[in-house]
Amino acid sequence: METSDNSYRKTLRQLLRRNSAVTLVVGLAASVIVYGFHDWFHGVLLPAIGVGPALADALGSFLIIAFATVGVRLASYAAFRDPFYGLPRDVESLRQDKRKLADVLKATEKVASIDRLTGVWNRHYFEELMANETDRVRRHGHLLSLLIIDIDKFKAVNDSLGHAAGDGVLKAVAQRLGLTLRSSDSLCRYGGEEFVVVCPDTPLSTAVVLAERLRSTVCAAPVEPAGTVTVSIGVAQYHAGETWGQCLERADAMLYQAKERGRNQVQYDSDMTEPAGLSASEAPSEPQVLRLEWHPSYACGIDQIDKDHITLFAHADDLLNAMAFAKPHAELCGKVDFVVQEVQAHFAREEAILERSGWPGTAIHQQHHRQLVRKAQELADNFRQQKVDSGAVFEFLAQDLIAKHILLGDRHYFAHVVQSQMPASGTDTA
C-alpha cells in the first residue's frame, strides 16, 4: 500500500495533468470561437447596440473569460463527471487509503506487540504500558500494582519432556491466567517462563488476593503431559517517585522469596504498610499462602485476651484463604458476618477487663472499638451487595484490625492490666 505522501503527490500530479488538458481544450475552443465571430461581434453586433470601441474591447474580454470559465467546468464535468477535474473522488480515495493504512499500521503494531507462542502481550508492549501507567500514577494519583509470575521447575519439563511439551505448558498457563484476570489487567510474557500482570487502579491488598487466585487456578488441573503445574508469584505496588523498573525489581525480589520458601506461593512487598503477622507457609499440604499466623511474641500474658486474639487470627486466616480460593459469594458473606460478630464479642470482653483494671485509656480504647465495628459492619454490608471486593476485606483484616489495633493499639494497656492482675504483696512481719 502506498504511503500517504506518495498518494498526495500522485493526486497532485493527476490534478495538474487534468487541469492542463482541460485548459488546452477550452483554450483551443475559445480561440476558434473568437477567430470565427470576431468580425461579426465587433463590426455588426456591438455597433447595432451602440457600444463604442473601448467598451467593446472590455466587454469582449469579459465574455471570453466568462465563456472560458463555464467551458472549463463543462469540459471537466464531461471528462471526469464533476466540475473540479475529478478532485472530490481523489480526495475520497485518499481518505479511504489513509483509513486502510491506519488499519494496517494498527494491525502491524498489534502483531509486533503480541507474543507469538502464547498470544499474550510481549515484553515490548509491557515496557510501553508501564511507562504510560506510571506516568498516569504521577499525574493523577491512581494506584498501580504489578505481579511477576514464574512457572515452577519449568526447565525440568523442557529437559525431561522436550521443548514441545514446554511450549504446551507455556500456552496452557497463559490461557489459565488470562481467563482469571479482570478486563482491566494486562497479561504479558516477560521472557522464558516468566509472565507479568499490570493491574491499574489496584491497591496491593487486592493484587495479593488476585495473585493467589491466579496461583490456585494454574495448579487446579494437570497440564498434559507435564502433570500438575505450579507458579510462584511476587507482588508489589508502585510508589510515586520510583521508576517502573524499581517496582519490577521489588516484585522480582518477592518472586525470589517465594521460590526460596518452597515455590507454589505468593509473596508481596510493601515498604510502607506491610502488616505484621502476615507470612507465607513453608510446605503446606494444601497451598495456603496468605496466612495470618499467630506468633508467641504477640502474647500479652492476659489469658482471655490472648485466647481471643488467637481465635481472631484463625477466623481471619480462614476468611482470607476462602477469598483467595474464590469460594461462592454466599459462603464468603457468611464468613465475613461471622468474623464481624467475633470481633464485637472480643471487644466486649476486652472492655470489661479494661474497666475492671481501671486503665486510664479505657474510654479512648472503647471509641476505637466502636469505630472499627462501624467500619466492619459497613464493609460487610458493601461486600454482601458486591460494592467492594475481597481486597477491601483483606486490607481491613490485615491492616486495620490485626496490624494497627491488635498488634499495636492493644499493647498500650498490656503492662497496666498484667500489673493489676498480680496479687498485692503482704506487709512483711518481723
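In this text, all values refer to a predicted model and were calculated from it rather than measured experimentally. Atom set for the values below is all heavy atoms of this structure, side chains included, hydrogens, waters and symmetry mates excluded.
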Undergrad: Drop me the distance from Gln237's CD to Leu146's CG, to the nearest 0.5 angstrom.
TA: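 Between atom CD of Gln237 and atom CG of Leu146 there are 11.0 Å.
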
Undergrad: With sequence neighbours excluded, tell me which residues meet side-chain contact (heavy atoms from CB on, under 4.5 Å) with Pro222.
TA: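 Only Glu224 meet the side-chain contact (heavy atoms from CB on, under 4.5 Å) criterion with Pro222.
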
Undergrad: Assess whether a salt bridge exists between Arg123 and Glu127, defined as any Lys/Arg side-chain N lying under 4.0 Å from an Asp/Glu carboxylate O.
TA: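 A salt bridge is present here (some side-chain N lies under 4.0 Å from a carboxylate O).
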
Undergrad: Hey, could you give me the CD/CD distance between Gln377 and Gln341, rounded to the nearest 0.5 Å?
TA: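 CD of Gln341 is found 10.0 Å from CD of Gln377.
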
Undergrad: So, taking the atom named CD1 in Ile353 and the one named OH in Tyr413, what distance separates them when rounded to the nearest 0.5 Å?
TA: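 Between Ile353 CD1 and Tyr413 OH, I get 7.0 Å after rounding to 0.5 Å.
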
Undergrad: Taking all non-hydrogen atoms of both residues into account, name the closest pair between Val417 and Ser357 and its distance.
TA: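 Of all heavy-atom pairs spanning Val417 and Ser357, the closest is CG2-OG, 3.7 Å.
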
Undergrad: Would you find a donor on one side and an acceptor on the other, under 3.5 Å apart, between the side chain of Glu242 and the backbone of His239?
TA: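 Confirmed, Glu242 side chain pairs with His239 backbone.
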
Undergrad: Counting C-beta onward and ignoring hydrogens, is there a side-chain heavy-atom pair between Leu372 and Asp400 closer than 4.5 Å?
TA: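 Counting from C-beta outward, Leu372 and Asp400 do come under 4.5 Å.
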
Undergrad: With a 4.5 Å limit on heavy-atom distance, are the side chains of Leu147 and Phe195 in contact?
TA: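 No, side chains not in contact.
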
Undergrad: With a 3.5 Å distance limit and no angle check, can you tell me whether Thr217 reaches the backbone of Arg176 through a side-chain donor-acceptor pair?
TA: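 No, because the side chain of Thr217 does not come within donor-acceptor range (under 3.5 Å) of the backbone of Arg176.
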
Undergrad: Regarding Ser420 and Arg356, do their side chains bring together a donor and an acceptor under 3.5 Å, going by distance alone?
TA: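 No, no side-chain donor-acceptor pair sits under 3.5 Å.
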
Undergrad: Quick check: do Glu212 and Tyr268 have side-chain heavy atoms less than 4.5 Å from each other?
TA: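 No, too far: nothing below the 4.5 Å cut-off.
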
Undergrad: Quick one, Cys300 and Arg411 - any side-chain contact, counting heavy atoms below 4.5 Å?
TA: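 With C-beta onward as the side chain, the pair stays apart.
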
Undergrad: Looking at CZ of Phe313 and CG of Asp318, how far apart are the two atoms once the value is rounded to the nearest 0.5 Å?
TA: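 So the CZ of Phe313 and the CG of Asp318 are separated by 15.0 Å.
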
Undergrad: Under 6.0 Å between the ring centres of Phe347 and His368?
TA: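 Between His368 and Phe347, which both carry aromatic rings, the centre distance is not below 6.0 Å.
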
Undergrad: Start with the C-alpha gap between Asp308 and Thr311, add the side-chain angles, then the distance that decides, and say whether side chain to side chain donor-acceptor pair (under 3.5 Å) holds.
TA: CA-CA 5 Å; Asp308 281 0; Thr311 300; 5.4 Å; no

Undergrad: For residues Leu204 and Ser145, report the shortest heavy-atom separation together with the two atoms involved.
TA: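 Smallest interatomic distance, heavy atoms only, reads N-OG, 3.6 Å.
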
Undergrad: Would you check, one step at a time, whether the test side chain to side chain donor-acceptor pair (under 3.5 Å) holds for Ser232 with Arg261?
TA: CA-CA 10 Å; Ser232 300; Arg261 294 189 178 185; over 6 Å; no

Undergrad: Of all the heavy-atom pairs spanning Val336 and Ala380, show the shortest one and how long it is.
TA: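 That closest heavy-atom pairing would be CG1-CB, 3.7 Å.
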
Undergrad: For the backbone of Ile149 and the side chain of Arg215, can you confirm whether one donor and one acceptor N or O come within less than 3.5 Å of each other?
TA: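 No, Arg215 side chain to Ile149 backbone: no donor-acceptor pair under 3.5 Å.
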
Undergrad: What class does the angle between the rings of His365 and His369 fall in, given that below 30° is parallel, 30 to 60° is tilted and above 60° is perpendicular?
TA: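 His365 vs His369 ring planes: perpendicular.
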
Undergrad: Quick one: does Val231's side chain get under 4.5 Å of Asn264's, heavy atoms only?
TA: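 Val231 vs Asn264: side chains apart.
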
Undergrad: What heavy-atom pair brings Val393 and Leu379 nearest, and what distance separates the two atoms?
TA: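 Closest heavy-atom pair between Val393 and Leu379: CA-CD2, 3.8 Å.
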
Undergrad: Could you check if a side-chain atom of Asp152 sits within less than 4.5 angstrom of a side-chain atom of Lys259, using non-hydrogen atoms only?
TA: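 The answer is yes; the side chains approach within 4.5 Å.
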
Undergrad: Looking at Arg139 and Asp135, does any basic side-chain N land under 4.0 Å from a carboxylate oxygen?
TA: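 Answer for the salt bridge query: yes.
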
Undergrad: For the side chain of His412 and the backbone of Gly409, is there at least one donor-acceptor N/O pair under 3.5 Å apart?
TA: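 Side chain of His412 to backbone of Gly409: a pair is present.
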
Undergrad: Looking at CG of Leu214 and CG of Leu179, how far apart are the two atoms once the value is rounded to the nearest 0.5 Å?
TA: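 CG of Leu179 is found 11.0 Å from CG of Leu214.
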
Undergrad: In sequence, state the C-alpha distance, the side-chain angles, and the governing distance for Glu249 and Met254, and then conclude on side chain to side chain contact (heavy atoms under 4.5 Å, CB included).
TA: CA-CA 9 Å; Glu249 287 175 0; Met254 292 300 102; over 6 Å; no

Undergrad: Applying the side-chain contact (heavy atoms from CB on, under 4.5 Å) criterion to Val157, which one of Leu170, Val169, Val223, Ile151 satisfies it?
TA: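 Output: one option passes, namely Val169.
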
Undergrad: Report the C-alpha distance between Glu128 and His124 in whole Å, list the side-chain angles of each, state the deciding distance to 0.1 Å, and finish with yes or no for side chain to side chain donor-acceptor pair (under 3.5 Å).
TA: CA-CA 7 Å; Glu128 289 188 344; His124 172 71; 3.2 Å; yes

Undergrad: Nearest 0.5 Å please: distance from the CG atom of Leu397 over to the CG atom of Leu401.
TA: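 Those atoms lie 6.5 Å apart.
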
Undergrad: Pair Asp185, Val198 - check side chain to side chain contact (heavy atoms under 4.5 Å, CB included), show working.
TA: CA-CA 6 Å; Asp185 302 323; Val198 182; over 6 Å; no

Undergrad: For Ile364, is the CD1 atom crowded, meaning more than 12 foreign heavy atoms sit under 6.0 Å from it?
TA: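 No, the 6.0 Å shell around CD1 holds no more than 12 heavy atoms from other groups.
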
Undergrad: Only pairs at least two apart or in different chains count here, so list each side chain to side chain donor-acceptor pair (under 3.5 Å) that has a residue in residues 156-170.
TA: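 Residue pairs with at least one partner in residues 156-170: Lys155-Asp159.
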
Undergrad: Given side chain to side chain contact (heavy atoms under 4.5 Å, CB included), test Thr134 with Thr243 step by step and report yes or no.
TA: CA-CA 8 Å; Thr134 52; Thr243 66; over 6 Å; no

Undergrad: Does this structure show an ion pair linking Asp150 with Arg263, if we count only N-O contacts that are shorter than 4.0 Å?
TA: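 No, no charged N to carboxylate O under 4.0 Å.
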
Undergrad: Kindly indicate whether the side chain of Asp252, heavy atoms from C-beta on, has any atom under 4.5 Å from the side chain of Glu194.
TA: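 Sidechains of Glu194 and Asp252: in contact.
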
Undergrad: Hey, are Gln366 and Gln371 close enough side-chain-wise for a donor-acceptor pair under 3.5 Å?
TA: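 Not at all, the side chains of Gln371 and Gln366 share no donor-acceptor pair under 3.5 Å.
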
Undergrad: Closest approach of Ala236 and Ala251, non-hydrogen atoms and distance?
TA: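 In terms of heavy atoms, the two residues are closest at CB-N, 3.8 Å.
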
Undergrad: Apply the test salt bridge (charged side-chain N to carboxylate O under 4.0 Å, His left out) to residues Asp337 and Arg384: give CA-CA distance (whole Å), side-chain angles for both, the deciding distance (0.1 Å), then the verdict.
TA: CA-CA 9 Å; Asp337 290 338; Arg384 188 179 302 106; 2.6 Å; yes

Undergrad: Minimum heavy-atom separation for Trp121 to Ser186, with atom names?
TA: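 Taking Trp121 first and Ser186 second, the nearest heavy atoms are CD1-CB, 4.4 Å.
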
Undergrad: Would you indicate whether the side-chain heavy atoms of His309 and Glu350 approach each other to under 4.5 Å?
TA: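 When only atoms from C-beta onward are counted, His309 and Glu350 do touch, with a gap below 4.5 Å.
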
Undergrad: With a 3.5 Å distance limit and no angle check, can you tell me whether Arg189 reaches the backbone of Gly192 through a side-chain donor-acceptor pair?
TA: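 Yes; at least one donor-acceptor contact below 3.5 Å.
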
Undergrad: Could you label the plane-to-plane angle of the His329 and Phe383 rings as parallel, tilted or perpendicular, counting under 30° as parallel and over 60° as perpendicular?
TA: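 Geometry flag for Phe383 against His329: tilted rings.
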
Undergrad: Using a 6.0 Å cut-off, check whether atom CZ of Phe414 has over 12 heavy atoms from anything other than its own residue.
TA: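 Yes - once you tally the heavy atoms of other residues, nucleotides and ligands closer than 6.0 Å, there are more than 12.
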
Undergrad: Can you list the steps and then say if Leu177 with Val197 is a side chain to side chain contact (heavy atoms under 4.5 Å, CB included)?
TA: CA-CA 9 Å; Leu177 293 173; Val197 180; 5.8 Å; no

Undergrad: Indicate whether any N or O donor in one side chain lies under 3.5 Å from an N or O acceptor in the other, for Gln265 and Gln267.
TA: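 Yes - a donor-acceptor pair under 3.5 Å links their side chains.
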
Undergrad: Give a yes or no on whether a salt bridge exists between Arg136 and Asp201, defined as a side-chain N under 4.0 angstrom from a carboxylate O.
TA: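 Asp201 and Arg136: salt-bridged.
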
Undergrad: Which class fits the ring pair Phe126 and Tyr190: parallel under 30°, tilted 30 to 60°, perpendicular over 60°?
TA: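 Rings of Phe126 and Tyr190: perpendicular, over 60°.
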
